[in-house]
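Presented below is the structure to which this report refers.
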Amino acid sequence: MLKTYQIAVIPGDGTGPEVVAEGVKVLRTVAEKSQFNLNFINYPLGGDHYRATGELLSDDTLKSLAKMDAIFLGAIGHPDVKPGVLEKGILLNLRFHFDQYINLRPVKLYEGVYTPLKDKQPADIDFVVVRENTEGLYTGAGGCLKRGTPDEVAVQESINTRKGVERCIRFAFDYCRKRNKAKKLTLCGKTNVLTYAFDLWERTFREVANEYPDIKADYAHVDAISMWMVKNPEWFDVIVTDNMFGDIITDLAAMIQGGMGIAAGGNINPEGLSMFEPIGGSAPKYTGLQVINPIAAVSAAQIMLETLGEAEAASWIERGVIKVLRDDIKDVAAGKMGYSTSEVGDLIVSYIRNNC
Ligand code: IPM
Ligand code: MN
């Protein structure tokens with residue numbers, strides 16, 4: 001009997017459904033050539049669903065999702081829904097509910113892709129950011145007093161637990177070892193100012209590092225990392241950091257690898273249910289136009305298969321992406337590819353069919 005993975009598909013808002021369709025197309029193609037099946041189950045979550053039904057993410061939906069092997073997400077975000085409602089109610093809710101404590105963001109400049117960094121080649125931009133995904137400034141801890149008055153006070157607290165920090169750091173060391181490149185893990189923090197939170201991070205990092213003598217444990221402040229990511233991206237192999245810093249530096253990283261058409265990530269619970277997404281957002285003004293680059297979604301599908309343990313099928317997806325970026329599409333940006341969204345998916349599919 002072939003193994004069957006149950007994949008929850010949340011196409012979501014805006015251009016999410018268009019790019020997810022290409023990801024699913026590519027996934028079906030590699031599954032056909034592999035010793036596993038993929039069964040896709042659609043979940044109509046997102047802004048339109050919320051406006052029509054009032055549901056963000058019900059208990060029933062969460063129970064149903066809990067039975068899946070992975071979640072493949074398009075984009076969440078709707079121009080007619082107040083900022084924060086869908087993000088908190090769906091995306092962050094899923095991350096927290098399923099304890100997806102790692103946000104994994106591979107950053108790789110592929111051949112044929114434009115980087116705004118002068119004189120940098122694909123060999124110079126190839127690192128991975130491991131972002132803590134359930135704590136820090138994202139927990140919602142804090143509050144306000146006297147809102148709307150001149151005496152208003154707002155407090156938003158960064159929560160860092162030994163357990164949460166340690167499991168993230170351990171994941172990063174393991175990942176760095178498995179990746180087997182420069183074998184260097186850089187902790188991105190701010191120990192010179194955030195002397196409670198990053199004291200915990202740094203002590204935990206040094207302690208865990210003792211168990212990984214083969215990995216070079218390195219530290220840099222987040223502001224310096226931002227500078228070096230532009231000046232010397234080749235210095236990085238794996239970076240580990242907290243939720244907020246990770247959010248910021250991964251957008252910077254997305255730009256140097258070619259932009260939102262390329263950037264993909266995984267929200268990972270190594271012991272549970274993980275969720276994979278292109279990080280570009282819902283791009284409402286492009287909805288239905290078939291101009292968005294589906295490669296970020298296709299790469300998210302690749303990270304999904306890697307996480308599920310299907311390394312060979314994942315490598316076929318990457319080979320397809322490499323080929324199409326190098327030889328076929330003119331530009332990764334929306335509307336400039338020289339092909340439609342679905343044509344780019346077709347190019348990847350036909351390469352995999354004929355060459356893998
Ligand atoms: C990301 C996004 C989210 C975040 C938003 C949409 C809540 O920016 O995945 O990086 O801040 O984590
Ligand atoms: Mn972000």
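Quick note: numbers below take in every heavy atom, side chains included, and nothing from hydrogens, waters or symmetry partners. Just follow the structure's listing: the first ligand is 1, and inside any ligand the first atom is 1. Just so it is clear, the structure is predicted and the values come from calculations on it, not from any experiment.
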Practice problem: Output the list of atoms in ligand 1 that are nearer than 4.0 Å to some heavy atom of Leu91, sorted by atom number. | Solution: 6 (C)
Quiz prompt | Polar contact flag, side-chain donor to acceptor under 3.5 angstrom, Tyr212-Asp174 | solution = yes
Self-check item: Ligand-residue contact atoms, ligand 1 with Tyr138, heavy atoms, under 4.0 Å
Solution: 4 (C), 11 (O), 12 (O)
Exercise. Side-chain contact test, heavy atoms from C-beta onward, threshold under 4.5 Å: evaluate it for Asn269 versus Phe98 and give yes or no.
Key: no
Exercise. Kindly confirm or rule out an N or O of Glu277 lying under 3.5 angstrom from an N or O of ligand 1.
Key: no
Self-check item: Tyr43 and Thr61 side chains, donor-acceptor separation under 3.5 Å
Solution: no
Self-check item: The one among Arg95, Glu87, Arg105 that brings a heavy atom closest to atom 12 (O) of ligand 1
Solution: Arg95
Practice problem: Quick one: sort the Phe171 and Tyr175 rings into parallel, tilted or perpendicular, breaks at 30° and 60°. | Solution: parallel
Exercise. Could you tell me whether any N, O or S atom belonging to Asp251 is less than 2.8 Å from the Mn ion (ligand 2)?
Key: no
Quiz item: Hey, do the aromatic rings of Phe245 and Phe198 have their centres closer than 6.0 Å?
Solution: yes
Exercise. Side-chain contact test, heavy atoms from C-beta onward, threshold under 4.5 Å: evaluate it for Val238 versus Ile215 and give yes or no.
Key: no
Quiz item: So, does Ile279 sit close enough to ligand 1 that a heavy atom of it is under 4.0 Å from the ligand?
Solution: no
Exercise. For atom 2 (C) of ligand 1, grab the closest protein heavy atom and report residue, atom and distance to one decimal in Å.
Key: Asp247 OD1, 4.1 Å
Self-check item: the Mn ion (ligand 2) to Asp247: nearest N/O/S atom name
Solution: OD1
